[in-house]
Peer 1: 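First, the structure itself, so that you have it in front of you.
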Amino acid sequence: MTQRRAEAIWYEATYRAQQGLTARAHTFESVAGEYIAQILREVERGERRADQGKSEPAVIRRYFVGYFGQKPVDAVSEADLERYAEWRRTYWTEGPGKLITHIEYERGGHRLRRPVRRSAPSLSRQRGELVVLRQLLRWASRQGYLKTPPEVTIKARRTPDNRRPSFEPHEFAHLQNISLARLADPIMDGTGALVEASDKRRWRIKRLDDHTRRDRTLLHAYVMIGAFSGLRPTEMYNLTWGDVLGYRAGRGKPVDQRDIRLQVRGKGKSGKAIPQKAAIPWFDTLWMLFERSMGREPVDADPVFASEQGKRITSVANGFTELLKAAGLERDHRGIKRTPYSLRHFYISEQLANGSEVLDVARNCRTSLAMIDKHYGQVRLERVVDRLRPDWTRR
């Protein structure tokens with residue numbers, strides 16, 4: 001029995017040598033350990049970024065070793081990689097990660113912890129991890145641990161399109177016209193709006209009451225400021241008159257001689273925003289509404305978007321939906337419902353379409369380049385055709 005065992009080992013070692021492999025098989029875990037040591041050496045020599053010395057070993061240990069473990073590295077097949085991809089997608093919801101409550105990490109010499117996100121990894125994360133796995137297997141091949149690394153061609157399933165719906169310029173112009181028309185009395189066609197009460201009584205409205213007209217005026221100002229500043233809805237609601245920097249000094253001057261900055265906060269972020277000058281007249285409108293309702297000028301602590309009682313308005317979602325319905329713009333061309341956030345998307349898309357630098361737009365909107373690409377990069381090619389055909393291509 002001992003001789004047979006020895007012969008089997010000898011034949012296997014001979015075969016592996018003929019194939020250009022090491023004499024004995026190595027487990028995935030042991031190879032991964034060697035690869036991590038190689039990464040750290042390269043970081044120390046300055047051949048890799050310092051962050052790679054933290055992020056890549058963490059991914060390798062948690063996911064790659066967690067799945068392949070003691071399996072011989074030269075036995076990993078494309079079928080194994082397909083099964084791994086599905087296991088990875090459900091790691092935090094159905095797999096080993098569902099028992100983990102938090103993740104510890106180090107930043108600035110301090111040990112920190114964050115809660116676990118119970119969701120599938122994003123498409124970009126899946127792709128990034130697959131790059132690391134491909135590099136590991138190729139390195140193992142160069143070390144003689146496997147002959148030909150399996151092709152890592154796992155198709156990362158695309159997440160649903162969650163880019164927020166915007167407006168095309170002609171759609172926004174139509175929305176603006178409908179919004180202005182709704183401020184007038186509903187007697188343009190001689191009939192007025194038909195109203196039906198719960199007791200089946202029906203009548204037509206010939207004139208708007210002051211309360212409805214005020215609400216629609218405030219909503220129109222909200223639409224215009226949102227479209228010409230790119231503020232998030234929460235940032236809009238949080239604005240006070242003290243946050244509209246330079247506004248008081250410019251009152252009474254022509255718009256082209258005025259300028260303002262907005263001190264904004266919301267969604268855990270804060271900073272200054274530079275709105276378009278087209279937004280300034282609508283701050284004048286909101287100032288006028290406040291004066292009429294409260295009988296005094298607003299002070300710095302008063303909200304910009306205020307009710308008739310001077311209280312902060314926390315949502316215009318219902319009124320905005322009614323406006324969209326009236327304009328026939330409730331959904332975009334994909335069938336996705338528009339929200340007040342669509343005004344921010346419109347602002348960013350228009351800035352990009354008209355040649356603004358992406359980094360400048362990202363800073364002014366207090367977001368990252370990645371988020372601009374993910375949510376706000378939908379600029380139709382037809383609208384930037386001149387930039388795609390510069391002068392040198394026409395010679």
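Just so it is clear, the model here is predicted, and its values are computed rather than measured.
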Peer 1: Evaluate the side-chain proximity of Ile313 to Pro303: yes if any heavy-atom separation is below 4.5 Å, no if none is.
Peer 2: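 In short, these two side chains do not touch, never coming nearer than 4.5 Å.
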
Peer 1: side-chain contact (heavy atoms from CB on, under 4.5 Å) for Trp282 and Thr285? Distances and angles first, verdict last.
Peer 2: CA-CA 5 Å; Trp282 302 104; Thr285 298; 3.5 Å; yes

Peer 1: Give a yes or no on whether a salt bridge exists between Asp210 and Arg292, defined as a side-chain N under 4.0 angstrom from a carboxylate O.
Peer 2: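 No, no charged N to carboxylate O under 4.0 Å.
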
Peer 1: Determine, stepwise, if the pair Glu171 / Asp332 fulfils side-chain contact (heavy atoms from CB on, under 4.5 Å).
Peer 2: CA-CA 10 Å; Glu171 291 176 322; Asp332 72 356; over 6 Å; no

Peer 1: Is there a donor-acceptor pair under 3.5 Å between the side chain of Arg113 and the backbone N or O of His102?
Peer 2: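 No.
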
Peer 1: In terms of hydrophobic clustering (I, L, V, M, F, W, Y; side-chain heavy atoms under 4.5 Å; direct or indirect links), are Trp241 and Val299 co-clustered?
Peer 2: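 Different clusters.
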
Peer 1: Got Asn238 and Val264 here, is their nearest side-chain heavy-atom distance under 4.5 Å?
Peer 2: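 SC-SC contact between Asn238 and Val264 ruled out.
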
Peer 1: Is any side-chain heavy atom of Arg214 closer than 4.5 Å to one of Glu308?
Peer 2: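 The answer is yes; the side chains approach within 4.5 Å.
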
Peer 1: Mark yes or no for whether Ser179, through its side chain, and Leu175, through its backbone, hold a donor-acceptor pair below 3.5 Å.
Peer 2: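 No; judged by distance alone, with no hydrogens or angles, the pair does not exist.
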
Peer 1: Could you please spell out the steps behind the side-chain contact (heavy atoms from CB on, under 4.5 Å) verdict for Leu180 and His220?
Peer 2: CA-CA 7 Å; Leu180 287 172; His220 186 77; 3.4 Å; yes

Peer 1: Does some side-chain heavy atom of Tyr222 sit less than 4.5 Å from a side-chain heavy atom of Leu286?
Peer 2: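 No; the side chains remain at least 4.5 Å from each other.
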
Peer 1: Quick one: do Ile260 and Phe290 end up in the same hydrophobic cluster if we chain Ile, Leu, Val, Met, Phe, Trp and Tyr together by side-chain heavy atoms under 4.5 Å apart?
Peer 2: no

Peer 1: Do you know which two heavy atoms are closest between Ile39 and Gly53, and how far apart they sit?
Peer 2: CG2-CA, 4.2 Å

Peer 1: For the pair Tyr237 (side chain) and Val316 (backbone), establish whether a donor and an acceptor sit closer than 3.5 Å, ignoring hydrogens and angles.
Peer 2: yes

Peer 1: Mind listing the closest non-hydrogen atom pair of Gly69 and Thr27 along with its distance?
Peer 2: O-CB, 4.1 Å

Peer 1: Does atom NZ of Lys272 have more than 12 heavy-atom neighbours from other groups under 6.0 Å away?
Peer 2: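 At most 12 heavy atoms, drawn from other residues, nucleotides or ligands, come within 6.0 Å of this atom.
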
Peer 1: Using atom types as modelled and distance alone, determine if a side-chain donor or acceptor of Lys277 lies under 3.5 Å from a backbone N or O of Asp256.
Peer 2: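 Flag set: sc Lys277 to bb Asp256 pair under 3.5 Å.
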
Peer 1: Does a donor on one side chain and an acceptor on the other come within less than 3.5 Å for Trp287 and Glu291?
Peer 2: yes

Peer 1: Counting only N and O atoms by type, is there a donor-acceptor contact under 3.5 Å from the side chain of Gln52 to the main-chain atoms of Val43?
Peer 2: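 Judged by distance alone, no pair lies under 3.5 Å.
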
Peer 1: Would the distance check show the side chain of Ser342 and the main-chain N or O of Thr339 forming a donor-acceptor pair, the cut-off being under 3.5 Å?
Peer 2: yes

Peer 1: Treating Thr240 as the side-chain partner and Asp302 as the backbone partner, does any N or O pair qualify as donor plus acceptor under 3.5 Å?
Peer 2: no

Peer 1: When rounded to the nearest 0.5 angstrom, what distance separates CG in Leu146 from CZ in Phe28?
Peer 2: 10.0 Å

Peer 1: Measure across Cys365 and Gly230 and return the closest heavy-atom pair with its distance rounded to 0.1 Å.
Peer 2: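 Where Cys365 meets Gly230 most closely, the heavy atoms are SG-O, 4.4 Å.
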
Peer 1: Do Arg251 and Glu297 sit within salt-bridge range, that is, some charged N less than 4.0 Å from a carboxylate O?
Peer 2: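 So Arg251 does not pair with Glu297 through a salt bridge.
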
Peer 1: Does atom CZ of Arg117 have more than 12 heavy-atom neighbours from other groups under 6.0 Å away?
Peer 2: no

Peer 1: Just wondering, are more than 12 heavy atoms of other shown residues or ligands nearer than 6.0 Å to CD in Glu330?
Peer 2: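 More than 12 within 6.0 Å, yes.
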
Peer 1: With respect to Leu262, which candidate in Asp243, Leu231, Ile274, Leu245 satisfies the side chain to side chain contact (heavy atoms under 4.5 Å, CB included) definition?
Peer 2: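 The option that passes is Leu231.
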
Peer 1: Can you tell me if Arg363 has over 12 outside heavy atoms packed within less than 6.0 Å of its CZ?
Peer 2: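 Counting other residues, nucleotides and ligands, CZ of Arg363 stays at 12 neighbours or fewer.
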
Peer 1: Are Met288 and Ile225 linked, directly or through other ILVMFWY residues, by side chains that come within less than 4.5 angstrom of each other?
Peer 2: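 As far as the 4.5 Å side-chain criterion goes, Ile225 and Met288 are connected within one cluster.
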
Peer 1: Specify whether Phe167 and Phe346 have parallel, tilted or perpendicular ring planes, treating 30° as the upper limit for parallel and 60° as the lower limit for perpendicular.
Peer 2: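 Geometry flag for Phe346 against Phe167: perpendicular rings.
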
Peer 1: How long is the straight-line distance from CD of Glu357 back to CG of Leu359, given to the nearest 0.5 Å?
Peer 2: 8.0 Å

Peer 1: CD1 of Ile280 to OH of Tyr247: how many Å apart, nearest 0.5 Å?
Peer 2: 9.0 Å

Peer 1: Does Arg83 come within less than 4.0 Å of Asp80, counting only side-chain N to carboxylate O?
Peer 2: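 Asp80 and Arg83: salt-bridged.
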
Peer 1: About how many Å separate CG of Asp215 and CG of Leu289, when rounded to the nearest 0.5 Å?
Peer 2: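 Between Leu289 CG and Asp215 CG, I get 9.5 Å after rounding to 0.5 Å.
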
Peer 1: Strictly below 4.0 Å, N to O, side chains only: are Glu86 and Arg89 in salt-bridge contact?
Peer 2: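 Between Arg89 and Glu86 there is a salt bridge, with a charged N closer than 4.0 Å to a carboxylate O.
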
Peer 1: If you define the side chain from C-beta out and look only at heavy atoms, does anything of Arg366 sit under 4.5 Å from Glu235?
Peer 2: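 Sidechains of Glu235 and Arg366: in contact.
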
Peer 1: How about CZ on Arg312, more than 12 heavy atoms from neighbouring residues, nucleotides or ligands closer than 6.0 Å, or not?
Peer 2: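 Counting other residues, nucleotides and ligands, CZ of Arg312 exceeds 12 neighbours.
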
Peer 1: Whether the side chain of Arg118 engages the backbone of Thr93 through a donor-acceptor N/O pair (distance < 3.5 Å, no angle test) should be reported.
Peer 2: no

Peer 1: Count I, L, V, M, F, W, Y as connected when their side-chain heavy atoms are under 4.5 Å apart, and connections chain through other members. Are Val132 and Ile103 then in the same cluster?
Peer 2: yes

Peer 1: Flag the pair Arg48 and Glu56 as a salt bridge only when some basic side-chain nitrogen lies within less than 4.0 angstrom of an acidic carboxylate oxygen.
Peer 2: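 Yes, Arg48 and Glu56 are salt-bridged.
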
Peer 1: Measure across Ser166 and Arg338 and return the closest heavy-atom pair with its distance rounded to 0.1 Å.
Peer 2: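 What the structure gives for the nearest pair is O-NE, 2.6 Å.
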
Peer 1: Side chains of Asp300 and Arg248: closer than 4.5 Å at any heavy-atom pair?
Peer 2: yes

Peer 1: Could you state whether Val131 and Tyr91 fall into the same hydrophobic cluster, counting links through intermediate Ile, Leu, Val, Met, Phe, Trp or Tyr residues with side-chain heavy atoms under 4.5 angstrom apart?
Peer 2: no

Peer 1: Please report the closest heavy-atom contact between Thr234 and Gly266, naming both atoms and the distance.
Peer 2: OG1-CA, 4.0 Å

Peer 1: Before giving the answer on side-chain contact (heavy atoms from CB on, under 4.5 Å), spell out for Val73 and Gln143 the whole-Å C-alpha distance, their side-chain angles and the decisive distance to 0.1 Å.
Peer 2: CA-CA 12 Å; Val73 70; Gln143 303 306 308; over 6 Å; no

Peer 1: Going by the angle between their ring planes, with limits at 30° and 60°, are Phe64 and Tyr84 parallel, tilted or perpendicular?
Peer 2: perpendicular

Peer 1: Side-chain contact, heavy-atom cut-off 4.5 Å: Leu352 with Ile348?
Peer 2: yes

Peer 1: Closest approach of Pro275 and Arg261, non-hydrogen atoms and distance?
Peer 2: CD-CA, 4.4 Å

Peer 1: Hey, could you give me the CG/OH distance between Leu136 and Tyr145, rounded to the nearest 0.5 Å?
Peer 2: 11.0 Å

Peer 1: Regarding Glu42 and Gln38, do their side chains bring together a donor and an acceptor under 3.5 Å, going by distance alone?
Peer 2: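 The criterion, which ignores hydrogens and geometry beyond distance, is satisfied for Gln38 and Glu42.
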
Peer 1: Tell me, do Arg232 and Arg344 make a side-chain contact under 4.5 Å, heavy atoms counted?
Peer 2: yes

Peer 1: Can you tell me how far the CG atom of Asn318 sits from the CG atom of Leu219, to the nearest 0.5 Å?
Peer 2: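 Nearest 0.5 Å value for the CG-CG distance: 10.5 Å.
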
